[in-house]
Each structure stands twice: as structure tokens, then as C-alpha cells.
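This chain uses plain numbering: 1 for the first residue, then up along the sequence. Read the numbers this way: they start at 1 and go in the same order the structure lists the ligands and their atoms.
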Amino acid sequence: MGLMRIVVLAGGVGGARFVRGLREAVRRAPAGSELADASIDVIVNTGDDWWLAGLRITPDLDSMLYTLSGQNDEVRGWGRVGESERVSGELQAYGVTPEWFTLGDLDLGTHIARSAWLREGLTPSDVVARLHDRWDLGGVRLHPATDHEIDTHVWVASDTGAEEDMHFQEWWTRYRAQVPALRFEQRGVERATPSPGALAALSAADVVLIAPSNPVVSIGTILGIPGMRDAVLAANAPIVGVSPIIAGSAVRGMADACLTTIGVATDAAAVARHYGSRSEAGLLDAWLVGVEDESLVAELRADGIAAAAVPLWMRDLDTAAALAEATVEAAR
Ligand code: GDP
Ligand code: CA
């Protein structure tokens with residue numbers, strides 16, 4: 001058996017936990033097995049990216065970077081470990097950044113480096129490659145989904161009833177997704193194309209995995225880039241998704257608010273139907289639900305989606321690795 005090339009579509013925190021588990025599953029696989037020889041390329045959501053204080057901030061890519069390099073704050077669940085916020089206090093005092101968005105000092109170092117490189121003319125893909133050079137990601141390669149800016153804006157009803165929009169980060173962080181979203185807009189997406197690294201990874205893929213990430217503002221954004229969906233389907237590879245919904249609730253985060261906006265129930269089967277069966281012009285060859293949702297397996301199979309129930313909670317490295325292994329197994 002040759003090298004098994006695994007490509008993962010992923011958002012930030014949920015995606016990073018999954019990819020870290022996948023890397024661990026590869027490390028633990030017995031020598032000579034197919035999984036032991038696997039490579040991992042991750043196509044990361046860039047819809048949450050934004051400009052703040054003159055800096056380009058890429059939350060999902062940074063969650064991946066910090067988690068895979070062991071720099072992440074496990075307790076808080078995001079950002080760098082051992083972080084301080086002295087600079088952010090200054091920026092807030094000047095009114096340059098809002099009080100609801102704090103930037104850690106170490107994290108700011110990454111944003112300043114990224115912004116400097118972008119100003120020198122590097123593409124976002126080039127920037128990710130440079131960040132790779134510093135951190136050891138254990139062989140995992142990260143690719144921004146696109147090099148174009150496609151920042152997500154959220155349309156809401158104002159007090160006067162008129163529609164107004166705000167950047168996704170304001171809706172998510174300031175309002176905790178509690179203001180009903182009328183719709184999401186990927187600003188500039190019509191001009192976007194998949195990044196070169198994403199296309200190259202997909203064209204060589206043996207397995208494509210959809211991480212248990214937000215189906216709307218993480219995976220939905222990636223698939224909404226013109227050409228991405230076709231590139232995923234054109235890969236000569238099974239496509240297996242992992243449900244981010246367990247027993248009718250979004251495990252961590254507020255994915256339910258996003259699903260409500262696009263009219264999809266917060267339910268593992270509803271998300272699978274939203275992605276669709278590949279046999280009926282959808283995406284999925286197989287879908288993993290939680291053991292809590294075992295009763296959904298039969299109805300999904302009737303809909304042409306090969307489903308299986310496995311433990312979906314990624315509590316630690318062991319459970320995440322077991323889930324990743326089950327996902328690769330389902331692809332076989
Ligand atoms: P974000 O970009 O940081 O919001 O992260 P993602 O889009 O990658 O993933 C967020 C989603 O991951 C959450 O809304 C949950 O639905 C899902 N999630 C988080 N932890 C787990 C877990 O342990 N198991 C599963 N199956 N899903 C999870
Ligand atoms: Ca995100």
C-alpha cells in the first residue's frame with residue numbers, strides 16, 4: 001500500500017480537535033498499516049477572518065496552528081497558553097479595538113507578522129507556509145481555503161426594523177449569536193477561487209473528511225467558494241463527514257444559531273441531509289453520528305447516506321484519535 005493522502009475540511013476549535021486526533025491516530029497506527037503511512041492536509045475556513053486595528057486576523061487558521069503546535073490554551077479553549085493582554089488594554093483605551101474583542105499579546109505577534117508579510121505582497125497561503133516554518137505541526141499541512149478575502153457578514157433586523165449587517169466577529173463574539181441572523185453574506189465570494197494548496201491537496205486525495213465543524217460558517221463557507229465543491233467531488237476519494245451535532249445540540253459553540261438561520265434543524269440527520277448524499281448530487285458517501293443518535297442510522301441509510309454511530313465526543317486526545325480512526329475506517 002502506498003501513502004494514504006487524507007484531506008480534511010475544517011473550521012477552528014472543533015476542526016482543530018479533530019485534526020489533532022487524526023494526527024494521533026496516524027502516529028499510533030501499527031507500522032506497515034495504511035494509516036501509519038498517511039499524510040494530512042487541512043483546508044481551513046477563512047470566513048471568520050477580519051481586519052482589526054490594521055491587522056489581518058485569521059481565527060480558524062490560528063486555532064489550528066496553536067492546537068497542532070501545542071501552543072493553545074486548553075483551559076480557555078482558544079488562543080495561546082500563557083497569554084497576557086497588556087497591548088489589548090492600550091488599544092481599547094485608544095478606542096482602536098472594541099471592548100468585546102481582546103487580542104492576546106503573543107497572539108498579536110502572529111497578527112503583526114501576518115499583516116507585515118501581506119503588506120510585502122505575500123498571499124495568505126504564503127503566510128501560512130511561513131507560519132509553518134516556525135512551528136512544528138507534526139507533519140500536518142494547513143491551507144487557507146482561499147487567498148481571497150471573503151469575510152462573513154451577518155444581516156440582522158435593526159430596532160427600526162430595517163436590515164443591517166455586521167461583521168461575523170461582532171455577531172459571534174459581542175452578541176454571542178443571540179441576535180437572530182436573517183442571513184449570512186460571504187462578501188466577495190463570487191470573485192474567490194480555492195487556494196492553490198487546497199486544489200493540489202484535493203486532486204491527490206485518497207480520502208476526504210469533513211470535520212465536526214460548524215456546517216454553516218465553517219464548512220458551508222469553504223464549500224461556497226466557487227470551484228471548491230466541484231474540486232471536492234472530483235477527487236477520486238470517498239467523502240466522509242462527522243456530525244458536529246450530538247443528541248440535538250451543538251457540542252461547543254453556537255452552531256445551532258447558524259443552522260436555524262439557513263433553515264436546518266439542529267440534528268445530526270438534518271445536517272447530513274443538508275450536505276446531501278453523493279448518490280443524489282450531494283456530498284456525502286458516509287456520515288458518522290454519535291452513539292446517542294443511533295436511531296438516526298437506519299433513516300439516513302434509507303436516504304442513501306451510509307451512516308454509522310460512534311462515540312463523537314472529543315474529550316481528550318484518546319477519544320479524538322478513536323473518532324478519527326473510525327472516520328478513516330468508514331472511508332474504507
Ligand atoms: P470554530 O470555527 O472555532 O467555531 O470551530 P469549528 O467550526 O471547527 O467547530 C465548532 C463546532 O464543532 C461546534 O459548534 C460543535 O458543533 C462542534 N464540536 C465541538 N466539539 C466537538 C466534539 O467534541 N465532538 C463533535 N462531534 N463536535 C464537536
Ligand atoms: Ca470559526
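For atom 2 (O) of ligand 1, the closest non-hydrogen atom of the protein is G12 N, 2.9 Å. Residue, atom and distance of the protein heavy atom nearest to atom 28 (C) of ligand 1 are V251 CB, 3.8 Å. Protein heavy atom at the shortest distance from atom 16 (O) of ligand 1 is P244 O, 2.6 Å. In this structure, the protein non-hydrogen atom closest to atom 24 (N) of ligand 1 is L312 O, 2.7 Å. Closest protein heavy atom to atom 7 (O) of ligand 1: S218 OG, 2.6 Å. Regarding atom 4 (O) of ligand 1, its nearest protein heavy-atom neighbour is W172 CZ2, 4.3 Å. Of the protein's non-hydrogen atoms, the one nearest atom 20 (N) of ligand 1 is R252 NH1, 2.6 Å.
Here side-chain hydrogen bond (donor to acceptor under 3.5 Å, both in side chains) pairs that include residues 296-309, with residues two or more places apart or in two chains, are R273-E299, R273-D303.
Between the choices A10, C258, P212, the shortest heavy-atom distance to atom 27 (N) of ligand 1 belongs to P212.
Here the straight-line distance linking atom OG of S115 with atom CG of L55 works out to 4.5 Å at 0.5 Å rounding.
A donor-acceptor distance shorter than 3.5 angstrom exists from the side chain of Q169 to the backbone of D48, with no hydrogens or angles considered. Judged by distance alone, the side chain of S195 and the main-chain N or O of P144 form a donor-acceptor pair under 3.5 Å. Side chain of S243 to main chain of V289: no donor-acceptor pair is present (N/O by atom type, distance under 3.5 Å, no hydrogens or angles). Of the possible polar contacts, none joining the R176 side chain to the Q178 backbone as a donor-acceptor pair under 3.5 Å is found. In this structure a side-chain-to-backbone donor-acceptor pair under 3.5 Å is missing from R278 to L284. Within the 3.5 Å criterion, the main-chain N or O of D316 finds a donor-acceptor partner in the side chain of T319. No donor-acceptor pair closer than 3.5 Å links the side chain of E24 to the backbone N or O of D318. Not one N or O on the side chain of S33 forms a donor-acceptor pair closer than 3.5 Å with the backbone of A29. With S84 contributing its side chain and R86 its backbone, the two residues share no donor-acceptor pair below 3.5 Å.
Counting the atoms of ligand 1 from 1 in the order shown, those under 4.0 Å from a heavy atom of G14 are 5 (O), 6 (P), 8 (O), 9 (O), 12 (O). Proximity to D60 (heavy-atom distance under 4.0 Å) selects the following atoms of ligand 1: 2 (O). Below 4.0 Å from some heavy atom of G15 lie the following atoms of ligand 1, by number and element: 8 (O).
Of the polar atoms of M254, none of the N or O atoms is found under 3.5 Å from an N or O of ligand 1, judged by distance alone. Looking at ligand 1, you won't find any N or O of A250 less than 3.5 Å from one of its N or O atoms. Between I246 and ligand 1, no N or O atom pair is found at a separation short of 3.5 Å. Distances between N or O atoms of I245 and those of ligand 1 include no value under 3.5 Å. Residue V13 places at least one N or O, backbone or side chain, under 3.5 Å from an N or O of ligand 1.
Contact annotation for S213 and ligand 1: heavy atoms of both the backbone and the side chain come within less than 4.0 Å of the ligand. Proximity of N214 to ligand 1, defined as any heavy-atom pair under 4.0 Å, is shared by backbone and side chain alike.
Heavy atoms of V242 come nearer than 4.0 angstrom to ligand 1 in no pair at all. Heavy atoms of S243 come nearer than 4.0 angstrom to ligand 1 in at least one pair.
Screening D230, I225, V232 for a side chain to side chain contact (heavy atoms under 4.5 Å, CB included) involving P194 leaves a single residue, I225. Across R20, R17, R315, a single residue satisfies salt bridge (Lys or Arg N to Asp or Glu O under 4.0 Å) together with E74, and that is R20.
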* To do: Before giving the answer on ring pair (Phe, Tyr, Trp, His ring centres under 6.0 Å), spell out for W172 and F101 the whole-Å C-alpha distance, their side-chain angles and the decisive distance to 0.1 Å.
  => CA-CA 10 Å; W172 192 254; F101 200 85; over 10 Å; no
* To do: Carefully, step by step, assess T193 and H148 under the rule side-chain hydrogen bond (donor to acceptor under 3.5 Å, both in side chains).
  => CA-CA 7 Å; T193 53; H148 298 252; 3.2 Å; yes
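Distances from the Ca ion (ligand 2) under 3.0 Å pick out these protein N/O/S atoms: D48 OD2, D60 OD1, D60 OD2.
Looking at S69 and D136, their side chains never come closer than 4.5 Å, going by heavy atoms from C-beta outward.
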